[in-house]
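Below, chain A is the first sequence line, B the second, and so on; all start at residue 1.
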Protein chains: 2
Amino acid sequence: MGYPERKKQILKILDKRESMEVQEIADELGISAVTIRRDLQQLADEELLIRTHGGAMKAPPRHPFTAYADKETQAVIKKKYIGKLAAALVEPGDTIFLDCGSTVFTMCTHLKDITPLRIITNSLPVAAAFMDVPGIQVNLAGGEMDGQRKAVHGSKAVEHIRSYHADKAFIGTDGLSVKSGLTAFSETEAIISTAMAGSADQVFVLCDSTKIGRDSYLKFAPLSLLHALVTDKDITLKQMAELKGNGVKVMN
Amino acid sequence: MGYPERKKQILKILDKRESMEVQEIADELGISAVTIRRDLQQLADEELLIRTHGGAMKAPPRHPFTAYADKETQAVIKKKYIGKLAAALVEPGDTIFLDCGSTVFTMCTHLKDITPLRIITNSLPVAAAFMDVPGIQVNLAGGEMDGQRKAVHGSKAVEHIRSYHADKAFIGTDGLSVKSGLTAFSETEAIISTAMAGSADQVFVLCDSTKIGRDSYLKFAPLSLLHALVTDKDITLKQMAELKGNGVKVMN
DNA sequence: TTACTTTTGATCAAATTTGATTAATTTTAT
DNA sequence: ATAAAATTAATCAAATTTGATCAAAAGTAA
């Protein structure tokens with residue numbers, strides 16, 4: 001195995017795990033630790049990873065898209081939990097819509113092993129996340145760039161989404177209640193979410209428990225639209241009951 | 001099989017695979033390893049691929065935020081010069097096409113002050129560069145993501161580009177000669193460039209002097225298409241004269 | 001045809017890469 | 001703070017790859 005092959009392998013492993021040890025890689029690839037160390041040094045020189053004692057760490061993402069530099073707040077932990085749960089709903093061979101919310105974004109890490117997979121999205125961070133993942137094809141919607149949300153919006157983007165069909169759509173929301181259904185803060189975003197929901201067989205809404213029972217200002221979809229709600233453990237029994245009573249399947 | 005044919009084959013294989021070994025290519029093409037080695041050296045000189053021990057790797061990523069932290073090589077300095085020159089051709093109020101080449105990307109820095117400006121591109125780095133720049137509207141083409149080039153490609157992207165019209169198009173090329181016109185390394189990229197050129201009033205080709213008189217493997221446009229060639233000072237007088245004789249305006 | 005140039009292939013010395021061993025350094029535990 | 005453990009850099013030998021030289025083959029022009 002030559003250097004290009006090893007480089008590919010090392011970066012692939014590192015993309016999944018946050019960090020790794022020299023001996024660990026050496027064993028896995030059946031290559032001497034000395035060589036791995038030399039490779040790591042070279043890769044570190046290229047700023048593709050960060051060298052540590054005994055191993056290496058993932059490089060700080062070079063893409064300007066890898067936004068969402070949130071801290072590990074309680075909300076972020078919840079989002080990550082939801083992302084993992086939602087990713088488990090995806091099967092190899094699926095075509096899925098992913099919208100541009102931060103909760104939906106947390107799915108990405110867990111999707112990298114589910115291949116083949118076709119992802120249609122309007123989110124640049126999502127597109128960037130799968131840029132170099134073999135077996136995952138990304139289709140990016142075209143249209144006006146929204147720098148604030150790091151996503152593509154506008155009628156052209158909606159038209160793009162509508163021209164495709166997917167097995168599953170994963171969308172976020174700013175509010176969810178039995179009374180108002182799904183509500184959003186921004187119209188541009190809501191239009192995209194609606195388009196995705198309309199072109200998918202199954203619609204999953206990702207939404208942390210703090211948003212349940214709360215309304216944002218724009219109603220964009222009824223609860224009947226969703227196949228299931230993916231949320232966290234902090235949802236109350238009362239909320240669960242009310243949603244189930246209205247035909248909403250809840251996963252947490 | 002002559003050199004041009006082999007060059008074409010090698011680049012074609014490399015466009016699909018990440019890396020390849022000398023013996024592997026030799027076997028596949030039924031040519032001696034020695035010859036392949038000579039070919040690879042020549043292709044590496046043209047920066048169409050990266051030579052490694054025992055084989056070759058795909059050409060270095062052509063954008064700032066990945067792999068191979070570009071050093072300030074002679075080639076990079078030339079590109080930056082060309083970028084500055086080309087940016088001077090843009091006026092406030094323009095709508096422009098920017099393709100996904102590294103040379104074109106160098107224009108971005110210099111465009112940030114030229115407002116208002118509307119940019120239509122298939123390059124994610126370009127889109128990212130203007131994400132938060134007020135006064136500059138970015139329209140991103142939609143379609144299949146090309147992770148290698150960090151750009152959007154495919155028929156959907158071409159269709160997207162075609163649905164717009166711009167005052168000026170700035171495109172790169174892998175080779176430019178009086179005999180073959182503009183030549184590219186990758187077909188997917190060439191199709192986009194052609195679409196941009198076809199929907200713009202003025203077409204500017206950005207290309208450093210080392211690529212002048214050299215051909216890559218795919219002819220994609222005649223010299224008559226371009227309004228002007230933007231290059232660096234190292235172009236020879238002979239080349240200048242030959243191009244001018246064929247109606248090409250040269251800026252450097 | 002012949003003479004000449006270019007390209008290709010084979011052979012071998014030089015250079016590079018790899019893996020093992022050992023000394024020096026850093027980290028961890030007491 | 002000191003000792004023990006682990007990691008790393010350095011050195012060296014073996015294996016592989018490469019570049020150079022030269023001969024054969026293919027193409028060119030007269």
Side-chain angles (χ1 to χ4, degrees), chain A residues 1-14 16-60, chain B residues 1-14 17-60 67-69 71 73-74 175 177-180 183 185 210 212-219 238:
Chain A
M1 178 157 37
Y3 173 66
E5 183 67 18
R6 292 198 306 274
K7 173 178 174 179
K8 225 185 336 183
Q9 293 290 332
I10 292 172
L11 291 176
K12 192 174 176 183
I13 296 171
L14 199 55
K16 287 178 204 160
R17 331 242 273 82
E18 268 311 306
S19 65
M20 52 192 191
E21 286 173 24
V22 171
Q23 197 53 53
E24 203 177 350
I25 314 167
D27 292 343
E28 192 157 335
L29 302 183
I31 304 261
S32 85
V34 187
T35 302
I36 295 298
R37 223 170 273 129
R38 269 190 280 246
D39 287 347
L40 291 183
Q41 169 137 17
Q42 190 159 348
L43 291 169
D45 286 344
E46 293 179 33
E47 293 179 35
L48 290 166
L49 51 76
I50 294 174
R51 199 63 229 279
T52 63
H53 267 261
M57 283 169 57
K58 210 172 192 170
Chain B
M1 177 158 35
Y3 173 64
E5 179 66 17
R6 291 198 306 276
K7 174 176 176 180
K8 201 160 111 174
Q9 292 291 332
I10 293 173
L11 291 176
K12 196 170 179 180
I13 296 171
L14 202 54
R17 325 246 268 88
E18 272 304 313
S19 65
M20 51 193 192
E21 285 172 24
V22 171
Q23 197 53 54
E24 204 177 350
I25 314 169
D27 292 343
E28 192 158 335
L29 302 183
I31 305 264
S32 87
V34 186
T35 302
I36 295 298
R37 226 171 270 130
R38 265 191 285 247
D39 289 347
L40 291 183
Q41 167 140 11
Q42 191 158 349
L43 291 169
D45 287 344
E46 293 181 35
E47 293 181 38
L48 290 166
L49 51 75
I50 292 177
R51 200 63 229 282
T52 65
H53 260 254
M57 288 169 61
K58 219 170 194 172
Y68 295 109
K71 292 154 205 99
T73 61
Q74 209 50 33
S177 72
V178 168
K179 200 184 71 187
S180 304
T183 47
F185 169 70
T210 62
I212 296 173
R214 280 223 302 245
D215 297 334
S216 195
Y217 95 98
L218 176 73
K219 297 187 201 181
K238 190 181 162 193

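Rounded to an integer number of Å, the gap from B/R51 CZ to C/dA15 P is 17 Å. Atom pair A/Y3:OH and C/dT17:C1' shows a separation of 13 Å (rounding to whole Å applied). Atom-to-atom, CZ of A/R38 to P of C/dT16 comes out at 14 Å; the value is rounded to the nearest Å. If you take CG of A/D45 and P of D/dA9, they are 11 Å apart, rounded to a whole angstrom. For the pair A/R37 CZ and C/dT25 P, the interatomic distance rounds to 16 Å; values are reported in whole Å. In this structure, B/I36 places its CD1 atom 14 Å from P of D/dG19, rounding to the nearest Å. Atom CD of B/Q23 is separated from atom P of C/dA10 by 11 Å (rounded to the nearest Å). As a whole-Å value, the separation of B/I31 CD1 from D/dA25 P is 17 Å.
For the pairing with A/D39, the salt bridge (charged side-chain N to carboxylate O under 4.0 Å, His left out) check across A/R51, A/R6, A/K8 returns one residue only, A/R6.
Between B/A56 and B/L14, the closest heavy-atom pair is O-CD1, 4.4 Å.
Listed pair B/R6 / C/dT8 meets the phosphate criterion, a side-chain N or O lying under 4.0 Å from OP1 or OP2.
If you check C/dT27, D/dT18, C/dT8 against the side chain of B/T35, the one that comes closest is C/dT8. The side chain of B/H53 sits closest to D/dT17 out of C/dT11, D/dT17, D/dT8.
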(message) Is there a side-chain contact (heavy atoms from CB on, under 4.5 Å) between A/M20 and A/I10? Walk through the geometry before answering.
(response) CA-CA 9 Å; A/M20 52 192 191; A/I10 292 172; 3.3 Å; yes
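Heavy atoms from other residues, nucleotides or ligands lying under 6.0 Å from NZ of B/K7 number more than 12.
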